[in-house]
Number of protein chains: 4
Amino acid sequence: MAKSDAPPPRRQSIGAKRNPETAEAIRAAALEILHSEGYAGFSVEKVAKRARAGKPTIYRWWPSRAALLLDVYHLQKSGIEYPVTDDIEDDLVMYLQSLFAHWLDGPSGDIFRSIMAEAQVESSAREVFLEYVSTRRERLAEMLAAPRSGKKLAIEATRIADLTISYAWMRLLTQTLDVPEKDIRLSVRCILAGAQTSI
Amino acid sequence: MAKSDAPPPRRQSIGAKRNPETAEAIRAAALEILHSEGYAGFSVEKVAKRARAGKPTIYRWWPSRAALLLDVYHLQKSGIEYPVTDDIEDDLVMYLQSLFAHWLDGPSGDIFRSIMAEAQVESSAREVFLEYVSTRRERLAEMLAAPRSGKKLAIEATRIADLTISYAWMRLLTQTLDVPEKDIRLSVRCILAGAQTSI
Amino acid sequence: MAKSDAPPPRRQSIGAKRNPETAEAIRAAALEILHSEGYAGFSVEKVAKRARAGKPTIYRWWPSRAALLLDVYHLQKSGIEYPVTDDIEDDLVMYLQSLFAHWLDGPSGDIFRSIMAEAQVESSAREVFLEYVSTRRERLAEMLAAPRSGKKLAIEATRIADLTISYAWMRLLTQTLDVPEKDIRLSVRCILAGAQTSI
Amino acid sequence: MAKSDAPPPRRQSIGAKRNPETAEAIRAAALEILHSEGYAGFSVEKVAKRARAGKPTIYRWWPSRAALLLDVYHLQKSGIEYPVTDDIEDDLVMYLQSLFAHWLDGPSGDIFRSIMAEAQVESSAREVFLEYVSTRRERLAEMLAAPRSGKKLAIEATRIADLTISYAWMRLLTQTLDVPEKDIRLSVRCILAGAQTSI
DNA sequence: ACCTAAGCGAGACGGTACGTCTCGTCTTGCG
DNA sequence: CGCAAGACGAGACGTACCGTCTCGCTTAGGT
């Protein structure tokens, strides 16, 4: 995760079209600020300064703060695994552990919280947030519904997915992501308890 | 629910102690602004102007924007019941139903979302938010741990409380509070499934 | 004075040399903008857009805003009469009236004020401004010194010219060019009163 | 001309009323910037930074750049006399001499030219400028209309005032303030020639 | 019956950030 | 190589709130 902390060099126009280097520098600067100072310290002005870009250049391509936030967030929404083994409990625990680690490690947790906050202020942010949530939920439900030897879910996978996602969000929002595996497992067991039947 | 839309008269000191009328006017003004303009349009300055109060008066009693926000939420939150019958499932379903109805009916759902947003921006807000959440959690855990004839919880009540609260927040944040009782019951049953044992 | 208000067509390079049509279109656009929006609304960007020209094309031929302004101003400094009849008072009144009308009618008054403003920002503008003023002054002094039957000026013509020009500028700068002939005549009479002697 | 170049300390509110120290610091900063960088380098942002004041504080009391400029000019303008002796010609000569000396000595000449430039750019500045000019004109007319033994003006004092002011502006704008007293006297005599009658 | 102490309204203050504007430079791709 | 087009870094514009401060007024409670 080597981040270049050096001040970026001055870039210039490459003609009557968008300079991808500039766009990249702006996204990177936004990301770094969100990571180091959080949503509270995020401002277009700081992004511009850190990226060595003019404010109008940012507003030319991202119509608002929220748009920039959403763009940066899209960059980051990768890397989470959806494991499928024979033990569904293990799978869920592993999923949550990697998710929490992902949120804790990099800026993605902060970004996700930022999006949630921004969604309260800007309605455009809300739409994208809801749409993203829905795809995540479906993906997780898929994982849960995957066939496993000798067992099957007694209730809908989406319900389990909802409860799992709810639990993860709560941990994120209450800043309690640093949970020992035992605790995660107990909560997962609780969610799954009534949902499994042996064949 | 008579709301005074008239501009409040100027109040003055009633001596070396807090003027409850002032406090009330401030809370009311904050509520009205949140209701009519949402979190996006909420500012201490507007509250002061509408309540015909000085800004320092607000900051004297509420250390931050978030504290005021939370206080206003409390005003609205009065009607939530923590039922204790012999059936813990019924209790939880009833609790969630009344909570969802409360969030949907008035401005309290919006207010709670506002608080969550504010908690991402201001660390002081985060503390207040976390502390509030913790009391709610304990209160709910208490309800769950109440002695019921013939049954007791096999695991910690706080874990069940966490999962319940998580579920409620998720519904709030995804704007899906309008859930039929059957769905709530299924989710509650899922949470409680592994948590109960007969004596 | 028919000015084309239609948007000029797109021009292109005519090879490795300056396109005079382009230069003309730029001058014309600058003139129209100064006339319709005044110095306040004058910007190289607007000129480029109206002339359907690129900004660099403007900067290639006019090193600065001021240079363009001065060029445009040179285009306009014509058309004023310097009448010589037997009555010097009538002459001066007529001169001022036509000058005021000229300033009010077309863009030249605005341009003159613009040059004065620009001269405060750019020293190059100042030089040209001063040089222009000096030629105007000499031309007016010439008119005043022209032989008239039976009378001659008792003092230097340049002094009268200075006072006349001063009066005109003041009217221009205070936006009070719409003066009835009677007022002009009274002021002129005042200036001339001590300057004439019968033979 | 010892000017304090030290950065001013942070000031604070002194209650619900204007802090004169702040006003003074802002005026002083504006003056210094105008002196060192001229009108071209003048900006509200720089003034705020140098005065250690917030931009809104400046805009609270001076509705526009021009208003600040004019205020600063006032600071400098204090030393102009409106003499009233028995000889109106001497009075006007003395007035112009002291005015020219004042414009030449310090920054006030430059400031006044800046104001004239600003008035061409911003309509609000124009109003302020015109209003200021009108008071100066009246003040001068008053001086001219003052009763003097044995003589009275045959025409309106305001006309004489206008011509005098016009002359002074012209000298300022053409950078020819360094005029020998004889020249001033001749011009003044010219203006006054037809305006006086013995009793 | 004074006197201190605190609450209160009002609003100015130093700041930060907003989103917009124009400047003068730069590069592209067409002709 | 000229030209239209327009992106770019820079930085000022004027506005909205932030949270802190000081004022002058009002009332209550202690002496």
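In the text below, chain A, chain B and the rest are named by the order of the sequence lines, each starting its count at 1. Predicted model only: the values in this text are computed from it and were never measured.
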Looking at CD of Glu118(C) and CZ of Arg126(C), how far apart are the two atoms once the value is rounded to the nearest 0.5 Å? 11.5 Å

Strictly distance-based, threshold 3.5 Å: is any side-chain N or O of Arg11(B) a donor or acceptor partner for the main-chain N or O of Arg52(B)? yes

Separation of Arg50(B) atom CZ from dG9(E) atom P, in whole Å? 16 Å

Please tell me if Arg52(A) has a side-chain N or O lying less than 4.0 Å from either OP1 or OP2 of dA10(F). yes

Picking from dC18(E), dA10(E), dA12(E), which would you name as closest to the side chain of Arg60(D)? dA12(E)

Atom CD of Glu21(A) and atom P of dG9(F): how far apart are they, to the nearest Å? 10 Å

Whole Å only: how far is the CZ atom of Arg11(D) from the P atom of dC13(E)? 9 Å

What protein N or O atoms touch nucleotides 14-16 of chain F N or O atoms at under 3.5 angstrom, if any, and at what distances?
from	atom 1	to	atom 2	distance (Å)
dG14(F)	OP2	Tyr59(D)	OH	2.1
dG14(F)	O5'	Tyr59(D)	OH	3.4
dG14(F)	N7	Lys55(D)	NZ	3.0
dG14(F)	O6	Lys55(D)	NZ	2.7

Partner residues of Glu24(B) under the side-chain contact (heavy atoms from CB on, under 4.5 Å) criterion, sequence neighbours left out: Arg27(B), Leu75(B)

Each nucleotide N or O in nucleotides 27-31 of chain F that has a protein N or O under 3.5 Å away: list the pair and distance.
none

Can you check the Leu68(B) CG to dC18(F) C1' distance for me, whole Å? 14 Å

Whole angstrom is fine here: how far is it from NZ in Lys49(C) over to P in dT22(E)? 10 Å

Value in whole Å for how far the C1' atom of dA17(E) lies from CG of Leu69(A): 15 Å

Closest listed nucleotide, where the reference is the side chain of Ser43(B) and the choices are dG7(E), dA4(F), dC17(F): dC17(F)

Evaluate the salt bridge (Lys or Arg N to Asp or Glu O under 4.0 Å) criterion for residues Lys46(A) and Glu37(A): first the C-alpha distance (whole Å), next the side-chain angles of each, then the deciding distance (0.1 Å), finally the verdict. CA-CA 11 Å; Lys46(A) 274 186 195 161; Glu37(A) 306 189 46; 3.0 Å; yes

side-chain N/O Trp61(C) vs dG2(F) OP1/OP2, d < 4.0 Å: no

First locate atom CH2 of Trp61(D), then atom CD1 of Ile26(D), and finally report the distance between them rounded to the nearest 0.5 Å. 10.0 Å

N/O donor-acceptor pair under 3.5 Å between Asn19(A) side chain and Gln12(A) backbone: yes

Return yes if some donor-acceptor pair links the side-chain N/O of Gln76(D) with the main-chain N/O of Val72(D) below 3.5 Å, else return no. no

Taking His74(A) for its side chain and Leu70(A) for its backbone only, find out whether a donor-acceptor pair lies under 3.5 Å. yes

Neighbour count >12 (heavy atoms, 6.0 Å) for atom CD, Glu21(D): no

Most 5' of Gly54(C) and Ala53(A) on DNA chain F, judged by nearest nucleotide: Gly54(C)

Take atom CD1 of Ile58(D) and atom C1' of dT16(E), then tell me their distance rounded to the nearest Å. 15 Å

Looking at Arg18(B), does any N or O in its side chain come under 4.0 Å of the phosphate oxygens OP1/OP2 on dA6(E)? no

Could you tell me how the ring of Phe129(B) sits relative to the ring of Phe112(B): parallel (under 30°), tilted (30 to 60°) or perpendicular (over 60°)? tilted

For dG14(E), does either OP1 or OP2 sit under 4.0 Å from a side-chain N or O belonging to Thr57(D)? yes

With nearest nucleotides of DNA chain E determined for Pro20(D) and Ile26(B) from heavy-atom distances, which residue corresponds to the more 5′ nucleotide? Ile26(B)

